[in-house]
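First comes the structure, then the notes that go with it.
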Amino acid sequence: MEKNNFPKGVKVYLPLVLLFVLVVFLMPRSSRFSYDYKKGAPWQYETLISQFDFPVLKTEEQYQRELEQAGSRVIPYYRLDEKVAQSAASMLSELELGANSGVRPALAEALSDVYSRGVLSAKTTGSLADAGRQGTEGLIYVQKDRRAVKVPVSEVYSLDAAQSVLKSALAEACPECNVDSLCSATGILSLIVPDLILDEQTTDLIHEESYDHVSRTQGYMRAGLVIVSNGEMVTSEIEQLLDSYKAEYDGNIGYVGPKALQWCGNVLLAFFLVLLL
């Protein structure tokens, strides 16, 4: 069997080495977007024309503002605890009113009215206000029997408002009574317990989903269109176009990794190409 012998002369390998070096330096290396620009300064380079289609990004301030607006439009979810009304009615029947037991029917009617609309806790209402999540146009969702119904906040009671209803019913049923003293002595106001419980998990989930619907882009720029002309002043709009073009260029065309790694890749590729010879 004939044995293949590689040539050993310098005259054979020297051209290959020179070819290797030439290939390494002639290999295309896509660099990052290399233009420097500043808003309010003229564009000092040649007219820049888009080489490809790219989405126009929103400014960070605009994007954050839209996120806040989306979050403020989220309607909070509440679960109705029906056992609270039942417990209040049971407590009223066992409440010791002494000589004023005749006011019990009026209190029962007032409790029925209060819990037919629902009661929000003062703590929950305050936390929602602090978080900016009072609901769109003063609305909340009330979940009952696996259904969520949109209800205006004005149609449900706060804890203070519900207690005021109970005091008014007591004053009307017993005009000669000292309402505050009677409430303090009998604990009538303790009958009012919030039955609308904030469903934080569902509300937060809807809150996060509202963020997902806020796009980071605001339009599209077609290939072949002029982005900025030579000597043109860089305005806010042009700056945003340049930022968007730069992001698309660096992300899909330009190389953003270490230079050494790029050179190593070129060297390896050139080596294998020359090795074929």
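Both backbone and side-chain heavy atoms feed into the values below; hydrogens, waters and symmetry mates do not. Fair warning: this is a prediction, and the values are worked out from it, not measured in the lab.
- With a 4.5 Å cut-off on side-chain heavy atoms, Ser121 and Leu159 do not count as touching.
- No side-chain donor-acceptor contact under 3.5 Å links Glu239 to the backbone of Lys38.
- Of all non-hydrogen atoms in Val153 and Leu139, the two that sit nearest each other are CG2-N, 4.0 Å.
- Using a 4.5 Å heavy-atom cutoff, the side chains of Tyr37 and Val228 are not in contact.
- Side-chain contact between Ser244 and Lys246 is absent, with no heavy-atom pair separated by less than 4.5 Å.
- The shortest distance between side-chain heavy atoms of Cys177 and Leu170 does not fall below 4.5 Å.
- Residue Ala88 comes nearest to Tyr115 through the heavy atom pair CB-CE1, 3.7 Å, listed as atom of the first residue, atom of the second, then distance.
- Counted within 6.0 Å of CD on Glu96, heavy atoms from surrounding residues, nucleotides or ligands total 12 or fewer; the atom is thus considered open.
- Side-chain atoms of Gln64 and Glu68 include no donor-acceptor pair closer than 3.5 Å.
- No more than 12 heavy atoms of other residues, nucleotides or ligands sit less than 6.0 Å from atom CD of Gln44.
- A 4.5 Å side-chain heavy-atom check between Arg222 and Ser50 finds every atom pair outside the cut-off.
- You'll find the side chain of Asp36 reaches within 4.5 Å of the side chain of Tyr45, heavy atoms only.
- Listed by chain and residue number, nothing satisfies the salt bridge (Lys or Arg N to Asp or Glu O under 4.0 Å) test with Asp81 (two or more places apart in sequence, or in another chain).
- No donor-acceptor contact under 3.5 angstrom links the side chains of Asp195 and Tyr157, judged on distance only.
- Using a 4.5 Å cut-off on side-chain heavy atoms (C-beta onward), Tyr245 and Met221 make no contact.
- Of the N and O atoms on the side chains of Gln62 and Gln218, at least one donor lies less than 3.5 Å from an acceptor on the other residue.
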